[in-house]
Each structure stands twice: as structure tokens, then as C-alpha cells.
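Working notes for the structure below.
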Amino acid sequence: MAAIHRRPSWAIAESLATPEQAFLNRRNLLRGMGLGGLALAGAGALRARAEDADPTADLYPAKPNGAYTLDRPVTPEEVNANYNNFYEYGSQKTIASSAQQLRTRPWTVEIGGLVEKPMTLAIDDLIRTFPLETRLYRHRCVEAWSMTIPWAGFPLSKLVEHARPLGSAKYLRMETFYDPSMAPEQNSFFYNFPYVEGVTVAEAMNDLAFMVTGAYDKPLAKQFGAPLRLALPWKYGFKSIKSIVKIEFVEEQPLNWWQQLQPSEYGFWANVNPEVSHPRWSQANERVLHTGDYVPTLLFNGYAEQVASLYAGMDPAKLYM
Ligand SMILES: Nc1nc2c(c(=O)[nH]1)N[C@H]1C(S)=C(S)[C@@H](COP(=O)(O)O)O[C@H]1N2
Ligand SMILES: [Mo]
């Protein structure tokens with residue numbers, strides 16, 4: 001995990017510090033003086049950032065989980081943070097600045113459907129319910145590009161256990177926020193928001209299924225799908241739904257957002273398979289962002305050992321969609 005170790009900000013010369021680090025130093029200084037950011041007149045920008053300060057920032061960096069390391073370099077944060085899919089903010093990769101409209105507090109996550117007792121969890125309580133850990137995961141989009149990301153969060157299985165689903169529950173159906181006042185693209189007539197995704201209960205219980213609350217040793221940036229998104233590294237990226245507000249346990253297989261939009265191109269399973277092409281993109285190889293490498297894609301994105309048994313006896317060709 002050495003690759004993701006961050007030098008403490010005090011070890012970096014001021015001239016090299018990013019604006020963010022400079023801000024954090026300033027904030028700590030103000031705190032130390034007992035002032036806080038709010039007392040300063042004429043410090044509008046600083047105040048805006050202080051109000052934005054994430055209430056869970058103290059949880060990062062989260063302890064690395066040594067079971068999830070990789071043979072690839074981590075994609076630099078500034079590359080990842082400026083190359084995103086988040087259709088609530090547009091269909092281009094450059095949605096980072098638009099995504100700053102997302103308001104992540106207050107935020108609740110509703111858990112319902114086939115459970116013993118439905119509940120609504122305040123995000124800060126939820127994030128503090130389970131110990132956070134850092135995992136290095138591959139991230140492979142069906143558009144045939146890939147990254148390596150240090151996610152922080154907790155296994156989805158913990159949340160499933162917490163939710164106490166009934167025996168009749170077969171799938172989890174998850175939803176992203178719907179609020180055009182902070183995501184104007186949601187007014188688009190072309191797309192049908194909110195974004196929806198789903199997994200089987202068995203997939204959710206696999207240790208690889210990860211609820212993400214942070215990345216790069218800090219709370220999740222808005223463009224990554226703050227304050228809570230999923231990471232399913234053996235599936236194409238579109239399964240990893242962002243900015244989750246609702247999880248329902250259901251009996252029927254949910255129709256995801258991409259299936260609703262284009263059923264001939266997208267399906268429920270979406271397991272990475274280099275041998276089965278998407279109608280528009282071969283999946284044999286992938287472009288590793290930032291490195292410029294073009295490398296062969298692996299079955300289940302390299303995670304076959306952990307997940308292949310979930311699909312025993314199923315038609316492999318169907319599993320890519
Ligand atoms: N709510 C929501 N979740 C989403 C998307 C989206 O448009 N909206 N895009 C998906 C797709 S296609 C991919 S590849 C990943 C991108 O995640 P990243 O921007 O962190 O790389 O998020 C997925 N989750
Ligand atoms: Mo994607």
C-alpha cells in the first residue's frame with residue numbers, strides 16, 4: 001500500500017502545497033486560535049469552504065486492507081477527479097466543476113422493502129456505524145478505459161446484515177438522489193432520472209462489494225458520487241451507482257438506468273468479460289488512464305477467484321450484459 005501513503009501536509013514545502021492543503025493548514029491554525037473560520041469578516045471564500053468541511057473528515061485516511069492491493073499504479077487523483085461519468089451533471093467526462101452543485105448534507109439513506117424494519121439513516125451516523133478501510137480496486141468502464149483507485153468505505157455485506165432482509169428478498173435496488181435544484185441535467189427530457197442500479201443479495205454479500213465513502217485518503221469528492229457510492233470492481237463501472245439515497249430489498253430483478261435507456265446495449269449482470277463485446281465497444285483490451293498503456297482485459301476484471309462461483313451454471317455470454 002506504499003503507493004497511497006500520503007506525506008503529512010507539514011512535510012511539504014509551502015510553495016508546493018496545493019490550495020487544498022493550504023486551506024487545511026489555515027483552518028487548523030484558526031481552530032487552534034479558537035476563532036474558527038466564521039469569525040473572519042471579508043473571508044467569504046474561506047467561510048464557504050468551512051461550511052463545506054466534511055463532518056467525517058477525521059475518519060481518513062482509513063486503515064489499508066492488505067487483502068486488496070494491486071500490481072498497477074494508482075491513477076493520480078487529479079486525473080481521476082477530472083474524468084468522470086455522472087450523467088446528473090452531463091454526459092461529458094468533464095463534469096467535475098458542475099458536480100460541485102451537489103449538496104451532500106443533510107443526507108439520508110432510506111432502507112426498506114423486504115426488511116424486518118425499514119429505517120432512514122443520517123449519513124454521518126451511517127458512515128460511523130462500520131469501521132472504514134482503504135482498498136485498492138480496479139475500475140473498468142464499458143467504454144474500455146480503466147483506473148486504479150484507493151477507495152475507502154465498508155463492505156456492503158455489513159449494511160445488508162444491519163438491514164435484516166427477509167428470506168424473500170432476492171435483490172437490492174438502489175437509487176441516486178433526484179433533485180434538479182442541485183443537478184439541473186435531471187430536468188433533461190432524454191434521460192429518466194433518478195439513476196437506478198441493483199445487485200443480487202448474494203452479490204451484495206460477497207466481500208468485494210464495497211460501499212464507498214472516501215477516496216484518496218479523504219471523504220469522497222462530489223464528482224465521485226459523494227457521500228455514498230458503490231464499487232463492484234468485477235462489473236462494468238455503470239453498476240457502481242453514485243450518491244445513493246435509497247436501498248430497497250425486492251423480489252424482482254430491478255431494471256437499471258442504462259437498461260431503461262438502451263436495453264439492447266445494457267443488462268443487469270454487466271460482469272467484465274473480454275470475450276464478449278458490447279455492441280459498440282470491444283472489451284478485449286482497455287486503455288489505462290494516465291499511463292497510456294493499452295492492456296488485455298481480464299475475466300471478471302481480474303477478480304474471478306472471488307466472484308466466479310456466484311455465477312456457476314449460468315450462461316456466460318449473458319453475464320456480460
Ligand atoms: N448516479 C450515477 N451513478 C453512476 C453514473 C451516473 O451517471 N450517475 N455513471 C456510472 C458509470 S457509467 C461509471 S463508469 C462510473 C464512473 O465513476 P467515476 O466517475 O468515479 O469513475 O459511475 C457509475 N455510476
Ligand atoms: Mo461507465
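Worth knowing before you read on, the calculation uses all heavy atoms, side chains too, and leaves out hydrogens, waters and symmetry mates. Atoms within each ligand, like the ligands themselves, are counted from 1 in listed order.
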So if I count the atoms of ligand 1 from 1 in the order they appear, which ones are less than 4.0 Å from some heavy atom of [X]?
X	result
Cys141	14 (S)
Glu88	1 (N), 2 (C), 6 (C), 7 (O), 8 (N)
Thr176	1 (N)

task = Look at the side chain of Arg229 and the backbone N and O of Phe224, then say whether any donor-acceptor pair between them is shorter than 3.5 Å.
result =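 Checked: pair present.
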task = Please answer whether the main-chain N or O of Gln223 pairs with a side-chain N or O of Gln100 as donor and acceptor at a distance below 3.5 Å.
result = no
inquiry  = Can you tell me which portion of Tyr195 lies within the under-4.0 Å heavy-atom range of ligand 1? Options are side chain, backbone, both, or neither.
reply    =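 Just the side chain.
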key: Those residues that, when tested against Glu161, pass side chain to side chain donor-acceptor pair (under 3.5 Å) (two or more places apart)   =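 Not a single residue meets the side chain to side chain donor-acceptor pair (under 3.5 Å) criterion with Glu161.
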For [atom], what is the nearest protein heavy atom, given as residue, atom name and distance?
atom	answer
atom 24 (N) of ligand 1	Ser240 O, 2.9 Å
atom 9 (N) of ligand 1	Asn85 O, 3.3 Å
atom 20 (O) of ligand 1	Arg229 NH1, 3.0 Å
atom 21 (O) of ligand 1	His139 NE2, 2.8 Å
atom 7 (O) of ligand 1	Tyr87 N, 2.7 Å
atom 3 (N) of ligand 1	Lys242 N, 3.1 Å
atom 15 (C) of ligand 1	Gly237 O, 3.5 Å

task = Would you check if there is a donor-acceptor pair between the side chains of Tyr311 and Trp269 at a distance under 3.5 Å?
result =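 No pair is found: no donor N or O on one side chain lies under 3.5 Å from an acceptor on the other.
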message = Looking only at side-chain N and O atoms, does Tyr68 offer a donor or acceptor that is under 3.5 Å from a partner on Asp207?
response =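 Distance-only check passes for Asp207 and Tyr68.
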query = Under the side chain to side chain contact (heavy atoms under 4.5 Å, CB included) test, which residues partner Glu305, sequence neighbours left out?
reply = none
